[in-house]
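These notes concern the structure reproduced below.
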2 protein chains.
Amino acid sequence: MSKTDSLPDEAYSALERLYDDPEERIATLQDIRPSEQDVAGQETVFKALGNEDRLRILSALRESECCGCELQIVLDAPQSTVATHLRKLKEAGLVKSRKKGKWSYYRIADTAVFELLDLAHAIQEDV
Amino acid sequence: MSKTDSLPDEAYSALERLYDDPEERIATLQDIRPSEQDVAGQETVFKALGNEDRLRILSALRESECCGCELQIVLDAPQSTVATHLRKLKEAGLVKSRKKGKWSYYRIADTAVFELLDLAHAIQEDV
DNA sequence: CATATGAATCGAGAAAATACGATATGATGG
DNA sequence: CCATCATATCGTATTTTCTCGATTCATATG
């Protein structure tokens with residue numbers, strides 16, 4: 001037998017047993033469509049943060065601005081790997097960079113980034 | 001030729017050109033080792049948040065507590081998919097659940113979760 | 001206790017993210 | 001200009017995550 005699991009109908013009939021006026025509740029639920037843009041933006045930020053190496057980069061930048069070659073030492077990873085991580089962080093708006101001669105210096109873009117890191121830490125503490 | 005890119009030595013010699021006392025700077029950088037546990041916890045939280053479906057679940061829970069079958073309607077996804085997302089959110093400490101009869105009701109675990117969502121939104125706004 | 005129902009778990013194929021060598025780019029100093 | 005060096009980008013092999021049907025589990029009800 002197939003598709004025992006995917007029927008949306010299944011969920012509808014469940015709601016019809018739960019509520020006196022299921023139609024209204026179903027309409028309400030279907031209307032929960034947060035702006036695609038909002039969700040996409042949040043997703044970009046959280047995906048960028050959801051990686052050990054990138055969290056360690058942010059941890060280093062919390063101390064001070066660093067150039068790319070310094071971050072290679074922090075991560076003990078090859079240059080192209082570090083550069084890729086930095087690009088992701090930059091695209092997400094978490095870090096900014098400035099160029100000085102041959103060097104690119106990276107810094108945390110905003111104090112909101114510190115807050116994000118601290119909140120995540122706090123949440124996991126009491127799991 | 002091979003491994004033109006991965007030599008850690010390369011980064012070391014770069015720093016030796018950058019600083020008068022490179023040894024000290026290198027030692028400082030290598031010491032930036034945030035507690036593995038801290039980073040792992042943050043990573044779990046941010047990985048859980050870095051997914052469109054899960055962000056939409058949180059968006060729905062922001063309105064009100066929901067049971068599993070209601071979230072199936074919100075996402076328009078099969079039951080096992082929704083259940084898997086909910087497990088991830090729970091493991092990360094982002095939602096809590098209570099069982100009532102056959103139903104499992106989910107709710108956001110802490111106001112810190114709202115703050116995370118809002119901060120991420122704010123950061124992406126000015127990228 | 002048989003059946004129905006909502007939810008949790010499992011497993012395997014599909015999709016996405018990551019790692020990293022090779023190469024390209026752009027600045028600097030002879 | 002040519003060589004060197006710090007970065008950035010590209011291509012692809014590898015790893016991780018996601019999806020979702022099937023199955024199992026738990027609760028309720030006749």
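Note: hydrogens, waters and symmetry copies are ignored here, and every other heavy atom, side chains too, is used. Each chain gets a letter, A, B and so on, in the order its sequence line appears, and its residues count up from 1. In this text the structure is predicted, and so the values were computed from the model without any measurement.
Taking atom CG of residue Leu86(A) and atom C1' of nucleotide dA6(D), one finds them 13 Å apart after rounding to whole Å. Put simply, CD on Glu91(A) is 12 Å from P on dA8(D), counting in whole angstrom units. With rounding to whole Å, Gln72(A) atom CD is found 14 Å from dA19(C) atom C1'. A straight line from OH of Tyr105(B) to P of dG6(C) spans 11 Å, rounded to a whole angstrom. In this structure, Glu70(B) atom CD and dG6(C) atom P are separated by 12 Å, rounded to whole Å. When the P atom of dA6(D) is taken as reference, atom NZ of Lys102(A) falls 5 Å away, rounded to whole Å. Protein atom CZ of Arg98(A) is 16 Å distant from nucleotide atom C1' of dA27(C), rounded to whole Å. As a whole-Å value, the separation of Leu49(B) CG from dC18(D) C1' is 17 Å.
Between Asp118(A) and Arg62(A), at least one side-chain nitrogen of the basic residue sits less than 4.0 Å from a carboxylate oxygen of the acidic one, meeting the salt-bridge criterion.
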Below 3.5 Å is the cut-off: list the nitrogen or oxygen pairs between protein and nucleotides 16-18 of chain C, distance only.
residue : atom : partner  : partner atom : Å
dT18(C) : OP1  : Arg54(A) : NH2          : 2.8
dT18(C) : OP2  : Lys88(A) : NZ           : 2.9

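Taken to the nearest 0.5 Å, the CG atom of Asp76(B) stands 12.5 Å off from the CG atom of Leu71(B). Atom CG of Leu86(B) sits about 11.5 Å away from atom CG of Leu94(B), to the nearest 0.5 Å. Taken to the nearest 0.5 Å, the CZ atom of Arg54(B) stands 15.0 Å off from the OG atom of Ser59(B). The distance from atom CZ of Arg98(B) to atom CZ of Arg107(B), rounded to the nearest 0.5 Å, is 7.5 Å.
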**Asked** Should Val113(A) and Leu119(B) be marked as a side chain to side chain contact (heavy atoms under 4.5 Å, CB included) after you check the CA-CA gap, both sets of side-chain angles, and the distance that decides it?
**Response** CA-CA 8 Å; Val113(A) 178; Leu119(B) 282 168; over 6 Å; no
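The side chain of Ser104(B) places an N or O atom within less than 4.0 Å of a non-bridging phosphate oxygen (OP1 or OP2) of dA8(C). Here Tyr106(A) reaches the OP1 or OP2 of dA8(D): one of its side-chain N or O atoms lies under 4.0 Å away. OP1 or OP2 of dC20(D) lies within a sub-4.0 Å distance of a side-chain N or O belonging to Thr81(B). Under 4.0 angstrom from either OP1 or OP2 of dT9(C) there lies at least one side-chain N or O belonging to Arg87(B).
The side chain to side chain donor-acceptor pair (under 3.5 Å) check on Ser97(A) picks up Lys90(A), with sequence neighbours excluded.
Residue Gln79(A) places no side-chain atom within donor-acceptor reach of the base of dA6(D), judged by atom type and a 3.5 Å distance cut-off alone.
When distances run from any side-chain atom of Ser80(B) to the nucleotides dA7(C), dT9(C), dC20(C), the shortest one goes to dT9(C).
Nearest-nucleotide positions on DNA chain D for Trp103(A) and Ala83(A) put Trp103(A) closer to the 5' end.
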